[in-house]
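Structure first, then comments.
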Amino acid sequence: MRTLVLGGAGYIGSHISEIIDTVVFDSLLFEDRFLTPVPFIYGDVRNLDELEIVHDYDTIVVLAGIVGDAACAVDPNLTHDTNVKHVKWLADNYKGKIIFTSTCSVYGKNDSLLDEDSPTNPLSIYAETKLEAERYLLEKRPDSLVFRLGTLYGMSGAFSRPRLDLVVNVLTQKAVAGETLTVFGGEQWRPILHVKDVAEAVKYGLENNLSGLYNLGSENVTIKEIAEKLIDIVPGNIEYQDILFEDKRNYKVSFSRIQKAGWAPKHSFIEGVRDMAEVFSQNRIKNMLNPLYHNANYMKGIYG
């Protein structure tokens, strides 16, 4: 089976290339190099003519896109072009298997335990574009596989750009640096998932020919619980602020559908935090504030 990963040079795609035989197609928007030793095609999913190459492959894994509320808000038109247009084109023109990564952010703010049939309530351009893309894909191609991802954390592949704008990663970096972890509100729920488990789920979906829509995560935790779990691994202090964080999202989701399909996460919170802490404590990242590691800051530098 020949598999092409659109956006495969990024945070998720890096580990996919380590465990699945793939070819990577990427514009390197958030990368300044691609060193993973797999076949590589430089291209931009916004240029639909370049996507004609997909017909040479049995499976397309669609990771390409702008990720994160703040990053997507920098240029909403660019976000729509990058996150939606190519997915609709694939649904209309490609005949092979499509695997697409959406986000649990489509649920927005909801106090119930949410499954894949629960109402959606996107609160950002990011969530809106992901929801638009997944709905079109599943309507046109119900044989596709769509994962709604929880909040990711951890180190990905050996050549991956680290993400220092994700809550677990940010708090780990601060704890290693000896900074007090400031928690605003803290009662907001999030489903979390080690980034490597996304790759594992893609592999499992391919091997077992899964289709349809699945929530993907390992556990539901509050922001407060994330900080408390983290300082059990990397000792530190927490400061609680009653002021609510500006991010209004609050959702916990059910993973029963993917569990019934036989998949379970392999990578633990403890493993993820320890791996990151080792990287931070050994000063393997020269400049933590480099915009390259922060999607929104990087997008603002280019398009802001």
So do the side chains of Phe269 and His194 get within less than 4.5 Å of each other, counting heavy atoms only?
no

Please lay out, stage by stage, how Phe30 and Tyr298 fare under the test ring-ring contact (aromatic ring centres under 6.0 Å, His included).
CA-CA 8 Å; Phe30 292 105; Tyr298 189 72; 5.6 Å; yes

Please assess Arg257 against Asp117 for the test salt bridge (Lys or Arg N to Asp or Glu O under 4.0 Å), listing each intermediate value before the final yes or no.
CA-CA 11 Å; Arg257 180 177 292 181; Asp117 298 318; 3.4 Å; yes

Shortest non-hydrogen contact between Leu28 and Ala9, atoms and distance
CD2-CB, 3.8 Å

Can you tell if the side chain of Ile66 reaches within under 4.5 Å of the side chain of Ile125, non-hydrogen atoms only?
no

Taking atom types as modelled, find out whether Asp115 and Ser118 have a side-chain donor-acceptor pair closer than 3.5 angstrom.
yes

Less than 6.0 angstrom from the centroid, inside 45 degrees of the normal: does Arg190 satisfy that with respect to the ring of Tyr251?
yes

Please answer whether the main-chain N or O of Cys72 pairs with a side-chain N or O of Thr79 as donor and acceptor at a distance below 3.5 Å.
yes

Have a look at Tyr107 and tell me which of Thr120, Asn215, Asn121 forms a side-chain hydrogen bond (donor to acceptor under 3.5 Å, both in side chains) with it.
Asn215

Taking only Lys NZ, Arg NE, NH1 and NH2, and the carboxylate oxygens of Asp or Glu, determine whether Glu278 and Arg284 approach each other closer than 4.0 Å.
no

So, Asn287 versus Tyr293: side-chain donor-acceptor pair below 3.5 Å or not?
no

Contact between Thr59 and Leu4 at the side-chain level, heavy atoms closer than 4.5 Å - yes or no?
no

Would Tyr94 and Tyr57 count as a ring-ring contact (aromatic ring centres under 6.0 Å, His included) if you check the C-alpha gap in whole Å, the side-chain angles of each, and the deciding distance to 0.1 Å?
CA-CA 10 Å; Tyr94 176 68; Tyr57 297 86; 8.8 Å; no

Before you tell me yes or no, could you show the steps for Lys196 and Glu18 under salt bridge (Lys or Arg N to Asp or Glu O under 4.0 Å), namely the whole-Å CA-CA distance, both residues' side-chain angles and the distance that decides it to 0.1 Å?
CA-CA 10 Å; Lys196 287 185 176 180; Glu18 292 179 339; 5.5 Å; no

Could you tell me whether Glu271 and Lys266 make a salt bridge, using a distance below 4.0 angstrom between a side-chain N and a carboxylate O?
no

Determine, using the 4.5 Å side-chain heavy-atom cutoff (strictly less than), whether Phe280 and Leu230 are members of one ILVMFWY cluster.
yes

Taking the side chain as C-beta and beyond, is there a heavy-atom pair between Trp263 and Asp197 under 4.5 Å?
yes

Answer yes if the side chains of Asn83 and Thr129 hold a donor-acceptor pair under 3.5 Å, and no otherwise.
yes

Using only heavy-atom distances, determine whether the side chains of Asp69 and Ser124 contain a donor-acceptor pair under 3.5 Å.
yes

